[in-house]
Participant: 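Right, I'll just put the structure down here and ask away after.
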Amino acid sequence: MATPADKLAASLAVLKELQDAGRVALRASDMTRTHRERLVKAGFIKEVMKGWYISFRPDEPAGESTSWYASFWAFCASYLESRFAEDWCASPEQSISLHTGNWTVPRQLLVRSPRGNNKPTGLVHDTSIFDVRLELPPAADRDMKDGVRVYKLSAALLGCSQAQFTARPTEMRAALAMILDASDLLSRLLDGGHSTIAGRLAAAFRNIGRERIADDITGAMQAAGYTVSESDPFEDRSPVSFSARETSPYVNRMRMNWARMREDVRGIFPTAPGQPADAAAYLKQVEEIYLDDAYNSLSIEGYKVSAVLIEKVRTGNWNPGTDKGDQEHRNALAARGYWQAFQAVEQGIKKVLSSENAGRVADRDHATWYRELFGPSVTAGILRAADLAGYRNGPVYIRRSMHTPPTVEAVRELMPALFELLEREPEASVRVVLGHFMFVYIHPYMDGNGRMGRFLMNLMFASGGYPWTIVPLERRADYMSALERASVDGDIKPFAKFLAELVDVRAG
């Protein structure tokens, strides 16, 4: 007679077959009722809406959103394909978000279909799909982006509302900067006789400094007999200039966000004290704070560490091969790695206190911090040395966050640009807040991004003479909430205020 374990194993085998076939959205009809109920009870699948499920980690606590946010786009695409086959497409506005690399989970995904029912379909965690009954653009104006049916970029720029330019200026400017010439736009503008849209787009391109494209649009439309009156849809001038060679939407969005957010930071953060006259005394304070910093930083990441364990691994009085229990083993490895990385950061602070540019120091040294952070795990055989060779080679998701970090390819574009921004930024407070935020937003590594971001933050604190500052474990919820606001809503003020409060406490 089959045991409960045998029965669950049989159900898991069915689930594995579906996963191996690339299925993310699972219909009730994909498996027998017995298998489905068994997997739901064991926590391996979860109902998203009536008759539809996703795979779920059984160790995730009740109310956990991580599996859903990680599955959102694939689930929605699969669900919409089941309803409409190929007869659906994300709205022009949503298409532009995806073209510019913004895969943040929306509260409501707006799609078009000639068979839409003009009402929302509720999903879990306060998300939904709204399918509007509208005709689709011609097939030539549609595309696929990572499984999601979207408008092609030129068609989306024509199809989006004027209000989108004021509601999402950073995204819209990044989209415009992806256009290399006016050809695709003009073919659509001329075919439809869209003189009003032509005037809007010409002015928008002029706003970001792409005069040639703007002139080509107005010239071609006028030559065809249309009257074009330019009307800038943006409320202000672009905060940055756009090089015709830099078309990466990720980099352009980061540069615009940096220019916009830095003013908020400067208005909130306390004035930098300036580099300390006594560098040795500053470094002594850094060394003295290590124990508290390691405890709080590691605890924020979920490691169970104590002052005794931290001191044990700092002094080398440990043996990862004989520590009892897998979790205790990993805690000890994490603590030892933190000590090694902390020392490497301290060497970087010495360079900064000797007046080296903090952005350049971080650029040169951050790979060393990462190797030291996870070096003990390589020694213990948990990681391969190749795992520490560079930035991540796969997708990563942030627990409970609606923000989806950039693609592997985008990481390699963004990281050099981030360090260039840090190098050129004159205000230490901006380097502190935006350096930390942008680093964890990019999430360049598979693990350790939070610890690395806080190391980067404290290097930048040193560049302005601020004290080394700990993010306390008891304020983890505030910390994560502020980062989420910046990542999802583009509002840096809560994070700037959070760090400013911590600096005031340290200074006091």
Side-chain angles (χ1 to χ4, degrees), residues 7-91 94-95 97-98 103-134 136 142 144-150 395 397-404 488:
K7 293 176 181 179
L8 179 58
S11 298
L12 287 171
V14 172
L15 178 60
K16 184 177 184 301
E17 286 184 12
L18 292 168
Q19 292 174 333
D20 289 346
R23 300 288 296 278
V24 175
L26 307 174
R27 303 185 71 166
S29 57
D30 288 336
M31 61 186 76
T32 67
R33 179 177 176 178
T34 299
H35 285 311
R36 185 174 68 251
E37 291 180 348
R38 191 179 292 148
L39 290 169
V40 168
K41 184 177 180 181
F44 284 97
I45 63 173
K46 179 178 181 178
E47 191 171 45
V48 172
M49 55 182 291
K50 187 173 177 57
W52 289 85
Y53 301 79
I54 60 168
S55 297
F56 202 73
R57 285 178 49 183
D59 60 342
E60 286 190 15
E64 177 65 71
S65 59
T66 307
S67 289
W68 170 237
Y69 291 153
S71 305
F72 177 85
W73 291 105
F75 176 90
C76 290
S78 182
Y79 167 72
L80 291 164
E81 292 283 310
S82 74
R83 283 186 61 193
F84 304 127
E86 298 180 3
D87 294 331
W88 68 277
C89 186
S91 69
Q94 185 63 68
S95 296
S97 291
L98 301 186
W103 290 86
T104 295
V105 173
R107 289 294 180 191
Q108 186 170 82
L109 174 60
L110 189 64
V111 300
R112 297 183 174 189
S113 173
R115 293 186 281 146
N117 58 15
N118 291 322
K119 65 180 183 179
T121 299
L123 306 171
V124 292
H125 296 293
D126 196 28
T127 57
S128 63
I129 300 173
F130 197 107
D131 45 281
V132 183
R133 184 176 298 169
L134 286 173
L136 297 178
R142 283 178 269 161
M144 289 282 285
K145 196 160 188 68
D146 290 344
V148 180
R149 297 186 184 277
V150 297
Y397 299 95
I398 304 172
R399 188 178 180 193
R400 298 182 181 176
S401 176
M402 298 179 80
H403 164 57
T404 301
V488 175

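Quick caveat: nothing in here was measured; it's all calculated off a predicted structure.
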Participant: Rounded to the nearest 0.5 Å, what separates atom OH in Tyr69 from atom CZ in Phe75?
Facilitator: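 If I round to the nearest 0.5 Å, the distance is 14.5 Å.
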
Participant: Quick one: pull up OG1 in Thr121 and CZ in Phe130 and give me the separation to the nearest 0.5 Å.
Facilitator: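 That separation rounds to 9.0 Å.
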
Participant: Where the side chain of Thr66 meets the backbone of Arg400, is there a donor-acceptor pair that is under 3.5 Å apart?
Facilitator: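 Between the backbone of Arg400 and the side chain of Thr66 there is a qualifying donor-acceptor contact (under 3.5 Å).
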
Participant: What pairs with Glu47 under salt bridge (charged side-chain N to carboxylate O under 4.0 Å, His left out), at least two apart in sequence or on another chain?
Facilitator: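 For Glu47 there are no salt bridge (charged side-chain N to carboxylate O under 4.0 Å, His left out) partners, ignoring immediate neighbours.
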
Participant: Main chain of Trp68, side chain of Ser65: is a donor-acceptor contact present, judged purely on distance under 3.5 Å?
Facilitator: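 Checked: no pair found.
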
Participant: Quick check: are there more than 12 heavy atoms from other residues, nucleotides or ligands sitting under 6.0 Å from CZ of Arg133?
Facilitator: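 Correct, the count exceeds 12.
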
Participant: With salt bridge (Lys or Arg N to Asp or Glu O under 4.0 Å) as the rule and sequence neighbours excluded, what pairs involving residues 19-29 come up?
Facilitator: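 Non-adjacent pairs meeting salt bridge (Lys or Arg N to Asp or Glu O under 4.0 Å): Lys16-Asp20, Arg23-Asp30.
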
Participant: Give a yes or no on whether the backbone of Ala28 and the side-chain of Arg36 come within a donor-acceptor separation of less than 3.5 Å.
Facilitator: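 Between the backbone of Ala28 and the side chain of Arg36 there is a qualifying donor-acceptor contact (under 3.5 Å).
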
Participant: Taking the side chain as every heavy atom from C-beta outward, state whether Leu15 and Leu26 have any atom pair closer than 4.5 Å.
Facilitator: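 A side-chain contact exists here, since the closest heavy-atom pair is under 4.5 Å.
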
Participant: Do Ser11 side-chain atoms and Arg38 backbone N/O form a donor-acceptor pair below 3.5 Å?
Facilitator: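 Answer holds: no.
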
Participant: Is the backbone of Cys89 close enough, under 3.5 Å, to the side chain of Arg142 for a donor and an acceptor to pair up by distance?
Facilitator: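 Not a single qualifying donor-acceptor pair exists.
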
Participant: Measure the acute angle between the ring planes of Trp52 and Tyr79, then classify it against the limits of 30° and 60° as parallel, tilted or perpendicular.
Facilitator: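 The rings of Trp52 and Tyr79 stand perpendicular, inter-plane angle above 60°.
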
Participant: Taking all heavy atoms of Val148 and all of Trp73, pick out the closest pair and write down the distance.
Facilitator: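 That closest heavy-atom pairing would be CG2-CE3, 4.1 Å.
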
Participant: Give me the atom names and distance for the closest heavy-atom approach of Met31 to Leu18.
Facilitator: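 Result for this residue pair: CE-CD1, 3.6 Å.
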
Participant: Test Asp131 against Trp88 for side chain to side chain contact (heavy atoms under 4.5 Å, CB included), laying out the working first.
Facilitator: CA-CA 9 Å; Asp131 45 281; Trp88 68 277; over 6 Å; no

Participant: Distance from Met402 atom CE to Thr127 atom OG1, nearest 0.5 Å?
Facilitator: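 Between atom CE of Met402 and atom OG1 of Thr127 there are 7.0 Å.
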
Participant: Hey, does Cys76 have a side-chain heavy atom less than 4.5 Å from the side chain of Leu123?
Facilitator: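 Of all side-chain heavy-atom pairs linking Cys76 with Leu123, at least one is under 4.5 Å.
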
Participant: Quick one: OG on Ser71 to CZ on Phe56, what's the gap to the nearest 0.5 Å?
Facilitator: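 Ser71 OG to Phe56 CZ: 9.5 Å, rounded to 0.5 Å.
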
Participant: Please name the pair of heavy atoms, one in Gln19 and one in Ser55, separated by the smallest distance, quoted to 0.1 Å.
Facilitator: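 That closest heavy-atom pairing would be NE2-OG, 2.8 Å.
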
Participant: Nearest heavy-atom pair of Ala77 and Gly147: which atoms, and what distance?
Facilitator: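 Result for this residue pair: CB-O, 3.4 Å.
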
Participant: So which atom in Thr404 and which in Trp103 form the shortest heavy-atom distance, rounded to 0.1 Å?
Facilitator: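 So the two residues come closest at OG1-O, 3.2 Å.
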
Participant: What is the minimum heavy-atom distance between Glu64 and Lys46, and which atoms define it?
Facilitator: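 Heavy atoms only, the tightest pair is O-NZ, 4.2 Å.
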
Participant: First locate atom OG1 of Thr104, then atom CZ of Phe72, and finally report the distance between them rounded to the nearest 0.5 Å.
Facilitator: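 Between atom OG1 of Thr104 and atom CZ of Phe72 there are 11.0 Å.
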
Participant: Output a table of donor-acceptor pairs, distance under 3.5 Å, between side-chain atoms of residues 105-116 and any protein atom two or more places apart or on a different chain; print 'none' if there are none.
Facilitator:
from   : atom 1 : to     : atom 2 : distance (Å)
Gln108 : NE2    : Ser128 : OG     : 3.1
Arg112 : NH1    : Tyr151 : OH     : 2.8
Ser113 : OG     : Asp87  : O      : 2.6
Ser113 : OG     : Arg115 : N      : 3.1
Arg115 : NH1    : Arg83  : O      : 3.1
Arg115 : NH2    : Phe84  : O      : 2.7

Participant: Atom CG in Leu39, atom OH in Tyr53: separation rounded to 0.5 Å?
Facilitator: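 Reported to 0.5 Å precision, the distance equals 10.5 Å.
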
